[in-house]
Amino acid sequence: MAGKLYPDMGNYSNEDDFKKRFGDNHACIVWLATETYPNGIRCNKCNRITSHHYYPNYQSLQCDKCGDHYQPITKTIYQKKGIAIYKWFLSFFYYSKNQSINPLELANKIGTDMRTASYMLAKVRKNYTRDQ
């Protein structure tokens with residue numbers, strides 16, 4: 001699997017610009033899949049590179065030919081259940097702008113409790129690099 005874990009934050013000067021591009025799970029899932037498989041997604045079931053459409057119930061993409069689901073978040077930090085991928089992307093964005101952000105600030109910005117924000121912040125710190 002190739003690709004980056006999160007978008008280049010240098011392309012977004014403010015929160016509004018970032019949210020316009022990555023303000024929901026759909027946008028984040030599609031970006032992650034496109035980054036991971038730039039030549040298209042090979043379906044595990046029908047073994048063809050096919051078009052896929054977003055399936056919101058599972059934060060996945062569904063093969064248009066056979067209906068099999070592909071979840072780009074599998075085997076990534078985003079896989080933890082109960083945390084929407086767009087909140088992860090926002091966490092990377094806020095951390096890129098202020099690396100001294102604390103869990104309470106992050107929790108207030110992304111709409112989670114402090115325990116979840118603390119968990120996310122630890123993962124973001126471990127995986128964030130300025131050299132994208």
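- Side chains of E105 and N108: no donor on one and acceptor on the other come within 3.5 Å.
- Taking the side chain as every heavy atom from C-beta outward, P7 and W31 approach each other to under 4.5 Å.
- The closest side-chain heavy-atom distance from Y37 to I49 is not below 4.5 Å.
- H53 and Q62 are linked by a side-chain donor-acceptor pair at a separation below 3.5 angstrom, with hydrogens and angles left out of the test.
- A heavy-atom distance below 4.5 Å is not found between the side chains of I29 and Q71.
- Put simply, the side chain of F22 does not reach to within 4.5 Å of the side chain of L90, judged on heavy atoms.
- Minimum interatomic distance between I73 and Q79 (heavy atoms only, all atoms of both residues): O-CB, 3.6 Å.
- T36 contributes a side-chain N or O that, together with a main-chain N or O of L32, makes up a donor-acceptor pair within less than 3.5 Å.
- Side-chain atoms of R48 and C43, non-hydrogen and from C-beta on, never get closer than 4.5 Å to each other.
- When side chains are defined from C-beta on, I110 counts as touching Y94, because their heavy atoms get closer than 4.5 Å.
- When each of Y78, Y12, Y95 is paired with F89, the ring pair (Phe, Tyr, Trp, His ring centres under 6.0 Å) condition holds for Y78 and for no other.
- Neither M114 nor L106 shares a network with the other; the hydrophobic side chains, linked directly or stepwise wherever heavy atoms of I, L, V, M, F, W or Y lie under 4.5 Å apart, form separate groups for each.
- Within the 4.5 Å cutoff, side-chain heavy atoms of M9 are placed close to those of F18.
- Under 3.5 Å, the side chains of T50 and D64 contain no donor-acceptor pair of N or O atoms.
- The backbone N or O of T112 sits nowhere less than 3.5 Å from a side-chain atom of K87 that would complete a donor-acceptor pair.
- Taking the six-membered ring for Trp, W88 and Y6 have ring centres at least 6.0 Å apart.
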